[in-house]
Protein chains: 2
Amino acid sequence: MTNSSTVHHTSECVRVSEVLARVGDKWSIQVIATLGEGPRRFSELKRGIDGVSQRMLTLTLRGLERDGLITRKVTPSIPPRVDYALTDVGKSLLEPVKALGDWAIANRTTVDAARSIYDARTDDM
Amino acid sequence: MTNSSTVHHTSECVRVSEVLARVGDKWSIQVIATLGEGPRRFSELKRGIDGVSQRMLTLTLRGLERDGLITRKVTPSIPPRVDYALTDVGKSLLEPVKALGDWAIANRTTVDAARSIYDARTDDM
DNA sequence: CGGCATCCCTGGGGATACTG
DNA sequence: CAGTATCCCCAGGGATGCCG
C-alpha cells in the first residue's frame, strides 16, 4: 500500500497526534499506568510518580478527567480526600499504551546502540 | 517507588515515557507514518506533512535517524537529493503506533463528548 | 534541493506561598 | 490533604536568511 491510502491515512495521523499530545505529555502515561493498578488518592499519586510537582499533577489529572479517562471522587471529610480511578475508556487506553511500552522494552538496547553510533559518528566532525 | 509491587512497573514507565518523548513530539509520528508508505525525499515529506517547517522537519528526521528508526541516503547530484526510509526497527514501531491510532479513531467521539460535558460543567462556575 | 544559523516569542512546567 | 495562585525560567518551535 504505497500510494492509494495516502489521503485517509493523513486524517488518521492528525488523530494520532492528538492522542499523543494528550498521552505524550510529561506525566499523563505515568498517571494512567499508576491508576491502572487501582484507584489512588492525590497524595498517593504524588508520592508514586517521581519528580512531579503538585501543580503539574493537578493539571494532568484535570486534563485526563476532562477527556473522560479518569474519574475524580471527592470525599469532603477533614482532612479532605480525593480518589482518582481509570474509567473504562481509560482502561482501554492502557492496552495500546502497554503495547508501546513493550516495544520500548524490546528495543531499548537497539535504540541506545544506534544513538551511540550516531553520536560517535557526529562527534568527530 | 515506595512498595515492592510498583517497582518493575515504574521502571517500565520511565521507558515508555522516553519512547513517548521520542514519538510524542509534534512531528515524529507523522514522519514515521508517511515513511510507512515507502521512502520519501525531504521535499516530499515537507509537502506531505501539513504545517511543518523545514527546520522542524530536519530536526525530527535527525532525531529519528539518531535512534536508528530511519535511514538517510544522500545522492550528491545537482540538484541534490536525499531519501529517507524506515529501518526495520522503525517499521516495527509502526505497529504499536497504529494500535494507538486505532484507539484514537475508535474513541474520538467518546473523548470529544466527555470534553464537551466537562467544559459545559466548568463554564457555569 | 536540502539544509544550517540566527532571531525571537510563546507556553510548558518548576518553585514557592497561600487557602478551604 | 488537596488543591489554587503567582512568579519565573528555559526549551520548543516558527520565520527568515544564507550556503553547497
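Just so it is clear: chains get the letters A, B, ... in the order the sequence lines come, proteins before strands, and each one is counted from 1.
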Write down the protein N/O and nucleotide N/O pairs, taken from nucleotides 4-11 of chain C, whose separation is under 3.5 Å; answer none if there are no such pairs.
{"unit_1": "C/dC4", "atom_1": "OP1", "unit_2": "B/R62", "atom_2": "NH2", "d": "3.0"}
{"unit_1": "C/dC4", "atom_1": "OP2", "unit_2": "B/R62", "atom_2": "NH2", "d": "3.1"}

Could I get the full list of side chain to side chain contact (heavy atoms under 4.5 Å, CB included) partners for [X], not counting sequence neighbours?
X	answer
A/S43	A/R41, A/R47
B/L94	B/I32, B/L86
A/T87	A/T71, A/V89
B/E95	none

Tell me yes or no: between the side chains of A/T109 and A/D112, is some donor less than 3.5 Å from an acceptor?
no

Would you say A/L61 and A/V31 make side-chain contact, with heavy atoms under 4.5 Å?
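With C-beta onward as the side chain, the pair touches.
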
[X] [atom1] - [N] [atom2] separation (whole Å):
X	N	atom1	atom2	answer
A/M56	C/dG12	CE	C1'	7 Å
A/R81	C/dG20	CZ	C1'	18 Å
A/R22	C/dG12	CZ	P	11 Å
B/K26	C/dG12	NZ	P	11 Å

In the 5' to 3' direction, the nucleotides of DNA chain D bounding the stretch that comes under 4.0 Å of a heavy atom in chain B are D/dG13 to D/dG20

Taking only residues two or more places apart in sequence or in another chain, which ones pass side chain to side chain donor-acceptor pair (under 3.5 Å) with A/W103?
A/N107, B/S92

Could you tell me whether a side-chain N or O of B/T75 sits under 3.5 Å from a main-chain N or O of B/S77, the two making a donor and an acceptor?
no

With heavy atoms under 4.0 Å as the rule, sort A/K46 into base, sugar-phosphate or nothing.
nothing

Run the salt bridge (Lys or Arg N to Asp or Glu O under 4.0 Å) test against A/R81 and tell me which residues pass, sequence neighbours left out.
A/D83

Is any side-chain nitrogen or oxygen of B/S43 closer than 4.0 Å to OP1 or OP2 of C/dC1?
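For B/S43, the contact criterion (side-chain N or O under 4.0 Å from OP1 or OP2 of C/dC1) is not met.
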
Estimated bend of the helix from C/dC1-D/dG20 to C/dG20-D/dC1 (axis per five terminal pairs, rounded to 10 degrees):
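So the angle between the two local helix axes works out to 40°.
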
For residues 63-76 of chain B, which residue pairs qualify under salt bridge (charged side-chain N to carboxylate O under 4.0 Å, His left out), counting only residues two or more places apart or in two chains?
A/R115-B/D67, A/D119-B/R66, B/R22-B/D67

A/L93 versus A/L69, closest heavy-atom pair with distance
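Of all heavy-atom pairs spanning A/L93 and A/L69, the closest is CD2-CD1, 4.0 Å.
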
